[in-house]
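Written out below as structure tokens is the structure these notes cover.
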Amino acid sequence: MNARAEGPAVCQNTPPTNSHVREIAEKVAPSAIYNRGNPLDSERLYRYRFGVGILLHCLTPRKTIAMTDLRSYVRDIPDYPKPGILFRDITPLLADPQALTAAVDAMAEPFLDSDIDVVAAAEARGFIFGTPLAMRLNAGFVPIRKPGKLPFDLHSFAYQLEYGTDELQIHVDGIKPGQRVLIVDDLLATGGTVEACLRLLEKCEAKIVGCSFLIHLEALGGEARMEPYDVHSVLKYGGDDKEQELSIQNEMPGPSV
Ligand SMILES: O=P(O)(O)OC[C@H]1O[C@H](OP(=O)(O)OP(=O)(O)O)[C@H](O)[C@@H]1O
Ligand SMILES: Nc1ncnc2[nH]cnc12
């Protein structure tokens with residue numbers, strides 16, 4: 001019997017009401033809603049709908065993305081933003097729901113049982129991953145920002161680029177002494193950005209549990225600047241293309257990309 005054709009008009013975009021479900025269920029499987037002759041009460045009806053929902057969720061095939069495939073969502077752009085830089089562009093990965101979920105899951109996985117209180121991340125790309133990781137880890141999120149963006153009292157850390165300096169800031173009350181903090185960023189290159197984050201968190205007297213990156217450009221030696229802290233990265237780009245593998249941070253200061 002085609003219950004949908006003969007039954008009530010159930011809008012595809014809104015959840016069916018209990019009376020819709022009861023009416024359809026009576027036609028499709030009357031035995032499912034009657035127990036020893038008693039009509040299904042609303043609590044049992046709710047449980048029935050909940051159970052069917054869970055079952056359907058578990059049985060629905062979902063696209064999962066292996067780590068090897070995740071790499072294919074990162075696009076290499078030679079000579080951007082300046083000649084000699086091989087830019088690792090994550091926008092295709094961000095645009096794909098499964099790839100984005102797989103990336104966040106893989107970045108969070110080693111820290112699921114680490115009792116993280118707070119995820120800290122530097123703008124702008126760090127924010128993209130920092131917030132969903134905080135939610136995965138049931139932690140708060142604290143932004144680390146470029147000068148002129150945070151309104152309250154600040155800790156600041158200025159750091160050297162090849163030609164010039166840059167600076168990052170955090171609210172003095174962003175992290176309470178002893179809170180367990182995970183640093184998150186999309187990419188580790190020379191380590192200048194994450195080193196600045198570490199120094200700011202040390203000023204807050206945070207307990208730094210580790211750092212999680214989506215991409216690690218290993219040829220640039222950023223890991224050495226992070227000792228003694230634990231580093232986790234999902235996609236490692238080795239030293240084979242050392243000539244081209246440069247951090248945009250080592251170039252003349254220009255507009256942030
Ligand atoms: O290890 P490093 O040599 O410091 O390079 C890595 C940093 O470079 C990028 O940020 P960028 O400063 O370009 O800013 P954005 O996030 O605003 O794009 C990236 O998001 C990292 O934070
Ligand atoms: N090579 C690179 N590609 C993308 N983002 C970067 N940030 C620093 N270096 C980078």
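These numbers come from the heavy atoms of this one structure, side chains and all, not from hydrogens, waters or symmetry mates. Note that ligands are numbered from 1 as they come in the structure, with each ligand's atoms numbered from 1 the same way. The shown structure was predicted, so the numbers you read here are calculated from the model rather than taken from an experiment. Residue numbers start at 1 and run along the sequence shown.
- Within the 4.0 Å heavy-atom cutoff, Glu195 does not count among the residues contacting ligand 1.
- Through side-chain heavy atoms spaced under 4.5 Å, either directly or across other Ile, Leu, Val, Met, Phe, Trp or Tyr residues, Leu150 is tied to Leu154.
- Among Ile90, Asp76, Leu187, the residue whose heavy atom lies closest to atom 6 (C) of ligand 2 is Leu187.
- Applying the 4.0 Å criterion to heavy atoms of Asp186 picks out, from ligand 1, the atoms 19 (C), 20 (O), 21 (C).
- Taking every non-hydrogen atom of Arg88 and a distance limit under 4.0 Å, the qualifying atoms of ligand 2 come out as 3 (N), 4 (C).
- No side-chain heavy atom of Glu123 sits less than 4.5 Å from a side-chain heavy atom of Pro143.
- Under 4.0 angstrom from ligand 1, the non-hydrogen atoms of Thr193 come from both its backbone and its side chain.
- For the pair Thr193 and Tyr159, the minimum side-chain heavy-atom distance is below 4.5 Å.
- When Lys146, Arg125, Met226 are checked for heavy-atom proximity to atom 16 (O) of ligand 1, Arg125 turns out nearest.
- Residue contacts with ligand 2: Leu86 is placed with a nitrogen or oxygen under 3.5 Å of a nitrogen or oxygen of the ligand (distance criterion only).
- For ligand 1, one of its N or O atoms has an N or O atom of Ala124 under 3.5 Å away.
- Counting heavy atoms closer than 4.0 Å to ligand 1, residue Asp185 contributes side-chain atoms (C-beta onward) but none from N, CA, C or O.
- Using a 4.5 Å heavy-atom cutoff, the side chains of Leu168 and Phe157 are not in contact.
- Within the structure, the closest approach of Leu220 to ligand 2 does not fall below 4.0 Å when heavy atoms are considered.
- Leu112 and Met135 are not part of a single hydrophobic cluster, where members link through side-chain heavy atoms under 4.5 Å apart.
- You'll find the side chain of Phe127 reaches within 4.5 Å of the side chain of Arg145, heavy atoms only.
- Residue Gly126 places every heavy atom at 4.0 Å or more from ligand 1.
- Ligand 1 has a nitrogen or oxygen under 3.5 angstrom from a nitrogen or oxygen of Ala189.
- Some N or O of Gly191 is nearer than 3.5 Å to an N or O of ligand 1, by distance alone.
- For Arg71 and Tyr237, the positive end sits near the middle of the six-membered ring, less than 6.0 Å away and at most 45° from its axis.
- Annotation: side chain of Arg225 is in contact with side chain of Thr190 (closest heavy-atom distance under 4.5 Å).
- At a 4.0 Å heavy-atom cut-off, ligand 2 touches Leu217 through the side chain alone.
- A donor-acceptor pair under 3.5 Å is formed between the side chain of Lys203 and the backbone N or O of Ser156.
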